[in-house]
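Encoded as structure tokens, the structure appears first; notes follow it.
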Amino acid sequence: PAPLELAELQEGVIDENSVLLEFSLGREGSYLWVIGKRTFDAYVLPPRHELEARVEKLRAAFLQNSIGQGETVEAFQKRAGEAQDVYKNEARALSSELLGQAAVKLAGKRLIVVADGKLQYFPIGALPFPNSASDDPILLTNEVAYEPSAAALMVMRKIGAAAGEPKMDLLLVSDPVFSRGDQRLPGNGGTAPGLAASLLGTFRSFESLDSLAPLPGSRDEASAISDVVGGSAMTSRSGFGANRDEVLGAGLGDYRVLHFATHGLVDERRPELSGIVLSLFNEAGEPQSGGFIRLQDVYGMNLNADLVVLSACDTGLGKEIKGEGLLSLNNAFLQAGARSVVSSLWKADDVATRELMTEFYRGMAAEGLTASEALRRAQ
């Protein structure tokens with residue numbers, strides 16, 4: 001899309017209760033533009049390497065939340081406590097550096113964030129409110145949404161206004177069959193080394209075949225969502241039915257919401273190889289080589305969805321394309337016509353994800369909240 005004029009952005013996108021935060025990271029200095037309905041402010045920030053180093057420290061500290069193989073409980077608790085201290089200090093510092101000068105502009109506003117560089121790898125809403133004595137995250141006081149660019153936001157608004165109403169409410173894809181060790185398969189123990197190794201070997205998300213574990217929580221997640229939403233206009237693809245042919249043949253463009261509760265595979269260097277894992281075996285135990293929805297499949301979709309939920313690990317990650325955000329599953333669904341996407345920036349616990357998603361759908365179905373309001377409430 002063509003670049004926007006400021007007046008066009010303020011008139012067509014920004015409302016009285018929102019501000020757009022656009023970041024640009026540079027070698028010698030970085031910038032933040034804060035755009036309100038009738039205001040425009042610019043701030044100079046520290047250089048790219050300083051800000052991105054803080055993001056890397058935050059992610060490293062955050063990911064110290066599981067006990068290592070052979071590690072004692074005492075050693076884990078000590079390591080996790082030290083990581084929590086690092087996290088708090090780095091989060092306060094990054095919040096101050098990114099948002100401290102603009103804090104007065106943010107109070108009580110819905111924040112529309114256009115990040116840059118490695119800022120796309122950490123949610124602004126998880127940082128404490130700038131210049132505050134509290135460590136409580138911004139999402140407790142502000143609704144936060146993220147956009148690949150301001151121009152993309154305008155385009156999606158226009159697409160949404162022109163699109164017709166979807167015929168169906170929800171397509172729910174959950175609990176695929178990943179390995180021969182799955183109890184739903186006839187008698188064969190272990191994994192399918194030839195097929196699985198060739199399919200999974202290139203992905204960053206999985207260090208070994210053992211890490212492609214079953215997701216029984218995703219079955220519970222789908223059941224809980226079904227109970228909240230109701231089944232009248234809902235389609236479920238689960239177990240063996242959660243395969244590529246069944247999902248891509250389900251008429252994806254007819255649904256208001258698409259929900260994928262499965263594993264996500266991400267290759268940040270070669271994002272075109274990233275994908276969503278579906279069933280790799282059929283009922284007879286035979287391998288299915290097309291057990292993925294890849295990035296190129298998503299770009300080929302013609303969606304009319306208000307929401308796509310990627311309830312899987314790392315689905316918000318990708319390769320940075322200057323000026324366009326990340327080349328990722330997240331942005332691919334937006335370009336395919338979805339008006340909003342929920343995705344994750346790290347590995348997500350199976351049980352915690354089920355709880356989060358149940359509350360998320362309850363907020364939308366029972367309370368009539370928007371997706372971003374419902375997600376904030378659930379978080």
Side-chain angles (χ1 to χ4, degrees), residues 156 159-160 163-178 215-265 274-280 282 288 290-313 315-316 329-344 348 353-354 356-366 370-371 374-375 378:
M156 285 185 281
I159 291 173
E165 285 292 315
K167 300 173 186 177
M168 303 288 284
D169 283 343
L170 172 65
L171 175 65
L172 191 53
V173 180
S174 66
D175 195 26
V177 179
F178 301 126
L215 294 174
S218 76
R219 186 186 321 136
D220 298 336
E221 177 183 330
S223 177
I225 292 170
S226 180
D227 290 342
V228 169
V229 174
S232 60
M234 189 189 82
T235 302
S236 177
R237 293 286 185 267
S238 184
F240 295 108
N243 63 66
R244 176 186 169 88
D245 290 342
E246 291 276 349
V247 172
L248 293 183
L252 300 180
D254 292 334
Y255 288 90
R256 187 184 307 277
V257 179
L258 305 176
H259 184 104
F260 297 91
T262 180
H263 282 300
L265 297 178
S274 298
I276 298 168
V277 191
L278 300 177
S279 284
L280 300 176
N282 61 23
Q288 298 187 110
F292 293 87
I293 294 177
R294 293 196 185 275
L295 202 69
Q296 63 189 29
D297 297 317
V298 179
Y299 280 117
M301 294 176 182
N302 184 17
L303 302 180
N304 187 22
D306 291 331
L307 174 67
V308 173
V309 180
L310 303 177
S311 184
C313 300
T315 47
L329 288 167
N330 190 27
N331 286 355
F333 275 103
L334 292 176
Q335 292 203 34
R339 288 178 279 285
S340 58
V341 179
V342 173
S343 59
S344 71
T353 301
R354 180 193 67 205
L356 177 72
M357 288 300 161
T358 303
E359 293 304 315
F360 173 54
Y361 277 92
R362 183 174 288 121
M364 291 189 292
T370 65
L375 183 62

Residue pair His259, Ser311: steps toward the side-chain contact (heavy atoms from CB on, under 4.5 Å) verdict: CA-CA 7 Å; His259 184 104; Ser311 184; 3.7 Å; yes
From CA spacing to verdict: side-chain contact (heavy atoms from CB on, under 4.5 Å), Phe240, Glu246: CA-CA 9 Å; Phe240 295 108; Glu246 291 276 349; over 6 Å; no
Stepwise side-chain contact (heavy atoms from CB on, under 4.5 Å) check, Val228 with Arg362: CA-CA 6 Å; Val228 169; Arg362 183 174 288 121; 4.0 Å; yes
Worked check of side-chain contact (heavy atoms from CB on, under 4.5 Å) between Leu303 and Tyr255: CA-CA 8 Å; Leu303 302 180; Tyr255 288 90; over 6 Å; no
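To the nearest 0.5 Å, the span separating OG1 on Thr358 from CD1 on Ile225 amounts to 6.0 Å. The CE atom of Met168 sits 11.5 Å away from atom CG of Leu258, with the distance rounded to the nearest 0.5 Å. With rounding to the nearest 0.5 Å, the separation of CG in Asp306 from OG in Ser340 is 7.0 Å. Taken to the nearest 0.5 Å, the CG atom of Leu375 stands 6.0 Å off from the CG atom of Leu356. Here the CG atom belonging to Leu307 is positioned 9.0 Å from the CG atom belonging to Leu170, to the nearest 0.5 angstrom. Asp175 CG to Ser236 OG: the interatomic distance, rounded to the nearest 0.5 Å, is 10.0 Å.
Of all non-hydrogen atoms in Val308 and Ala338, the two that sit nearest each other are CG2-CB, 3.7 Å. In plain terms, the two heavy atoms of Val298 and Ala336 that are nearest each other are O-CB, 3.4 Å. Summarising the geometry of Phe360 relative to Ala374, their closest heavy-atom pair is O-CB, 3.5 Å, with the distance given to 0.1 Å. Counting all heavy atoms, side chain and backbone alike, Ser218 lies closest to Ser174 at O-CB, 3.7 Å.
No side-chain donor-acceptor contact under 3.5 Å links Arg244 to the backbone of Gly291. Judged by distance alone, with hydrogens and angles left aside, the side-chain atoms of Ser279 form a donor-acceptor pair with the main-chain N or O of Gly239 at under 3.5 Å.
Looking at Ile293, Val277, Val173 one by one, the single match for side chain to side chain contact (heavy atoms under 4.5 Å, CB included) with Thr262 turns out to be Val277. Arg237 pairs with exactly one of Leu171, Asn243, Leu172, Leu278 by the side chain to side chain contact (heavy atoms under 4.5 Å, CB included) rule, that one being Leu171.
A donor and an acceptor atom, one from each side chain of Arg339 and Asn304, are located under 3.5 Å apart.
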